[in-house]
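The figures here come from the full heavy-atom set of this structure, side chains too, leaving out hydrogens, waters and symmetry mates. Just so you know, these numbers come straight off a predicted model, no measurement behind them.
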Amino acid sequence: MKIGVFTCWCGENIARTVDCQKVADEAGKLPGVYCSENYKYMCSEPGQQLIANRIKELGLTAVVVASCSPHMHLKTFRKAAENAGINPFLVEMANIREHCSWVHSNKEEATAKAIDLIRMSVEKVKHNHALVPIEIPVTKRAMVIGAGVAGIQAALDIASAGIEVVLVERTSSVGGKMAGLSETFPTLDCSQCILTPRMVETGQHQNIKLLTYSEVEAVEGYVGNFKVKIRKKAKYVDHTKCTGCGACWQKCPQKKIPNDFDYGLGSRTAIYIPFPQAVPSKPVIDTEHCTKLKTGKCGICEKTCVAGAIKYDDQDEVITEEVGAIIVATGYELYSISSNSSFSKEAGASAPAKKKAPAGYGEYGYGKYPDVIDGLQFERLISASGPHNGEPKRPSDGKIPQKIVFIKCVGSRDNAKGLAYCSKICCMYTAKHTMLYKHKVHNGEAHVFYMDIRSGGKKYDEFVRRAIEQDGAIYHRGRVSKITQEFRYVEKQDDGSVKQSDPYYVVRGMDTLSGRPVTIEADMVVLATAMSATEGTERLAQKLGVGYDEYGFLTESHPKLRPVETNSAGVFLCGACQAPKDIPEAVAQASAAAGKVMIMLSQPKLTRDPEIANVDENRCVACFACGRSCPYNAIDRLEIKDRRGNFVKWTARVNPGLCMGCGTCVSVCPSKCIDLEGFTEQQIYAEIESLG
């Protein structure tokens, strides 16, 4: 084997700490090395051309590139070698940037380590053999899970490219959290004005199969060939017959059910659509509050419906959809919403549970005091389609608050009582809330307690300055220690009853800029609580074989180079299911994920790197420890038969479409009959022995 070694300076990244000329000289002395070069930027076009020229001139049969992480440029150098006539899997990389120059300050020691790493790679590549990419058939359909603004954008992009999309939404309408917003920052344009046309287009698009009130039950198969089981929950209304006339919910006698869409601040009927602009604009029946379904009495909606669409005997239905790629866009929920709240489970399943205080913030009185609410509840109060038609009335008595305190970072950036991360949008939506409040209550006072102001985005900082300088929001840099409910007078009547004034709330905090305590008597308090992953995201991740972090957010394959891909091939991410995001970022990521899906489904067949596990079936003892440990369910149980069809033995076999080459099965196999292509035991031992 004729091996060429090519050492990169990476500008100064490597050359500042590693003597690249010495490394190249020593590499040239290694057995089997016919050529050793160094260049300032090996990944550049001249650098790649240098590699190609040496391959052709010297007849090299393998290449080792000593540079940065293979995550960055392994494909680059493999492509360059392939164009010069070498099988791409006869190319290895020695990482002398992250493993040497970035972690060492002593140049002599870093240089010696770089030489050792190259020696190991040279010995490894001697045991490489030519591999052929795996070809996989592909189903030219896609699925998007979640129909908020990110899911809608992804579905429309893919559908507009002529690819059929199955859009699954667990509530009864598309739109997600954005549908409940009043206005959006930094332009203060109407949320519904932006979103509603997209919602209607989604419902009417010929290439979108919309499955609302549905949830993913199970996912089988692999990239290009997924089989997804979906539970279509019973709506008790035949949507093929329903015209959406509204007669049923107008006549329903059950009118005092807390409205999930308004986060319990408004009310709805037992048969309902979540909001006027809902898509589809057809109702579902709340089983926990429908008198007919509970007692067998009433039935007014059935009598009222001229289309005959009411189906009291409706049942859940499980269907299977075959798709080639999946995009997850399950969104977020607020940290202050109880995990057992009906809104966090499914729209209309039950009335909202009693408000639960954010963990560790009982001193703020959320769930105890009626006028201490969260940001999404305030959005509904201020919205023209909200429970009070846009009037920001107090939940306790319906009066207009003359003084509101907004508290930021409730649950965010708090290792002691909340979540460690920044929720990213709280600074912006709090500034928006102060502006919307002042637009409605011109003489009102808006006070904001904050830790820091983080307004990173186009025209975001100007928006915050406008809230302070033009609209008069009063900002106090500091935390709130306690909120108490007080009454200006409490009188005991002769009959023993108690007469008291309307409540107000004493907010006690500290202004760290002035060094003085601050006490404000407020009519209402709004908590800017943290964004968290939706309830059930972890279970969905396990069904998809996707990783998630300690907070429940789904994990991307690489934060810079593959931000919308996951380690489960064919599954992509977009929106706030990955991390807190604002609307522009969620939409941009949705289009990026859609672009990845369109690229993948545009090919007649999918090709995958062949560096996957391989079972020696002659040695396999069928213990299936590999199958139990595989995080991607890529190990199949196979029955081996002889030519006459008689059973011989059981064996394990790797599904090439599912295997991600993690190597877990190799480590647990007791009979040592599994190897990982490109990382065989022979190759690993050769690397180790080269250091002896």
Side-chain angles (χ1 to χ4, degrees), residues 145-151 169-171 175-181 215 260-261 263-264 328-347 349 352-362 364 366-367 372-380 406-430 433 451 454 526-544 546-556 559 566 573-583 585-586 589:
I145 304 173
V149 63
E169 168 59 38
R170 68 178 175 179
T171 65
K177 294 292 190 296
M178 185 177 173
L181 303 183
E215 293 192 30
D260 308 296
F261 187 72
Y263 303 97
V328 185
T330 49
Y332 73 96
E333 61 188 31
L334 287 188
Y335 179 61
S336 59
I337 297 297
S338 168
S339 62
N340 62 358
S341 162
S342 66
F343 189 87
S344 68
K345 290 182 179 178
E346 54 188 59
K354 184 177 179 181
K355 289 197 299 182
K356 182 179 178 182
Y361 293 92
Y364 289 169
Y366 184 86
V372 178
I373 62 176
D374 62 43
L376 285 177
Q377 289 176 311
F378 187 76
E379 287 281 353
R380 296 309 301 149
F406 298 88
I407 304 175
K408 298 201 310 184
C409 296
V410 179
S412 295
R413 302 174 60 198
D414 191 342
N415 289 318
K417 299 196 301 184
L419 303 167
Y421 58 82
C422 171
S423 290
K424 197 169 188 176
I425 68 169
C426 310
C427 291
M428 295 303 299
Y429 78 64
T430 298
H433 286 168
M451 293 171 61
R454 296 184 172 185
V526 180
L527 307 180
T529 42
M531 292 176 72
S532 61
T534 55
E535 193 268 338
T537 299
E538 294 180 6
R539 292 195 300 273
L540 178 62
Q542 291 164 6
K543 294 172 186 176
L544 294 166
V546 173
Y548 51 90
D549 62 22
E550 65 269 37
Y551 306 111
F553 289 111
L554 302 184
T555 306
E556 69 281 358
T566 70
L573 308 176
C574 67
C577 68
Q578 182 198 23
K581 289 181 174 62
D582 57 22
I583 293 170
E585 190 177 0
Q589 193 180 31

Enquirer: Name the orientation class of the two ring planes belonging to Phe406 and Phe378 (parallel below 30°, tilted from 30 to 60°, perpendicular beyond 60°).
Expert: perpendicular

Enquirer: Find the distance between CE (Met531) and OH (Tyr429) and round it off to the nearest 0.5 Å.
Expert: 8.5 Å

Enquirer: At their closest point, which heavy atom of Ala586 faces which heavy atom of Gly575, and how far apart are they?
Expert: CB-CA, 4.0 Å

Enquirer: What distance separates Ile145 CD1 from Glu215 CD, expressed to the nearest 0.5 Å?
Expert: 10.5 Å

Enquirer: How long is the straight-line distance from CE of Met428 back to OG of Ser423, given to the nearest 0.5 Å?
Expert: 15.0 Å

Enquirer: Checking Thr330 side chain against Gly146 main chain: does a donor-acceptor pair fall under 3.5 Å?
Expert: no

Enquirer: Are the side chains of Ile583 and Met178 in contact, using a 4.5 Å heavy-atom criterion?
Expert: yes

Enquirer: Starting at SG of Cys426, measure out to CD1 of Ile407 and round the result to the nearest 0.5 Å.
Expert: 13.0 Å

Enquirer: Atom OG1 in Thr534, atom CZ in Arg170: separation rounded to 0.5 Å?
Expert: 5.0 Å

Enquirer: What closest approach, in Å, do Tyr421 and Pro580 show between heavy atoms, and which atom pair accounts for it?
Expert: CE1-CG, 3.9 Å

Enquirer: May I ask you to test the Tyr361-Asp414 pair for a side-chain heavy-atom distance under 4.5 Å?
Expert: yes

Enquirer: Hey, what do you get for SG (Cys577) to CD (Gln589), rounding to the nearest 0.5 Å?
Expert: 7.0 Å

Enquirer: For Gly375 versus His433, what's the shortest heavy-atom pair and its separation?
Expert: O-CE1, 3.5 Å

Enquirer: So, for Leu419 and Ala530, which heavy atoms are closest and what is the spacing to 0.1 Å?
Expert: CD1-CB, 4.1 Å

Enquirer: Could you check whether Tyr263 and Asp374, counting side-chain N and O atoms only, form a donor-acceptor pair closer than 3.5 Å?
Expert: no

Enquirer: Can any side-chain N or O of Arg454 pair as donor or acceptor with the backbone N or O of Lys424 at less than 3.5 Å?
Expert: no

Enquirer: Can you give me the closest heavy-atom contact between Cys427 and Lys408, atom names plus distance?
Expert: SG-NZ, 3.1 Å

Enquirer: Tell me whether Gln578 contacts the main-chain N or O of Leu573 through its side chain, where contact means a donor paired with an acceptor under 3.5 Å.
Expert: no

Enquirer: In plain terms, say whether Glu379 and Lys177 are close enough for a salt bridge, that is, a side-chain N and a carboxylate O under 4.0 Å apart.
Expert: no

Enquirer: Just so I know, are the side chains of Val546 and Val328 near enough to count as touching, which here means a heavy-atom distance under 4.5 Å?
Expert: no

Enquirer: Only one of Val410, Leu334, Ile373 clears side chain to side chain contact (heavy atoms under 4.5 Å, CB included) with Leu527; which?
Expert: Val410

Enquirer: Taking Tyr551 for its side chain and Ala579 for its backbone only, find out whether a donor-acceptor pair lies under 3.5 Å.
Expert: no

Enquirer: Do Leu181 and Leu376 come close enough that some side-chain heavy atom pair is under 4.5 Å?
Expert: yes

Enquirer: For Glu333, is there any backbone N or O sitting under 3.5 Å from a side-chain donor or acceptor partner on Ser532?
Expert: yes

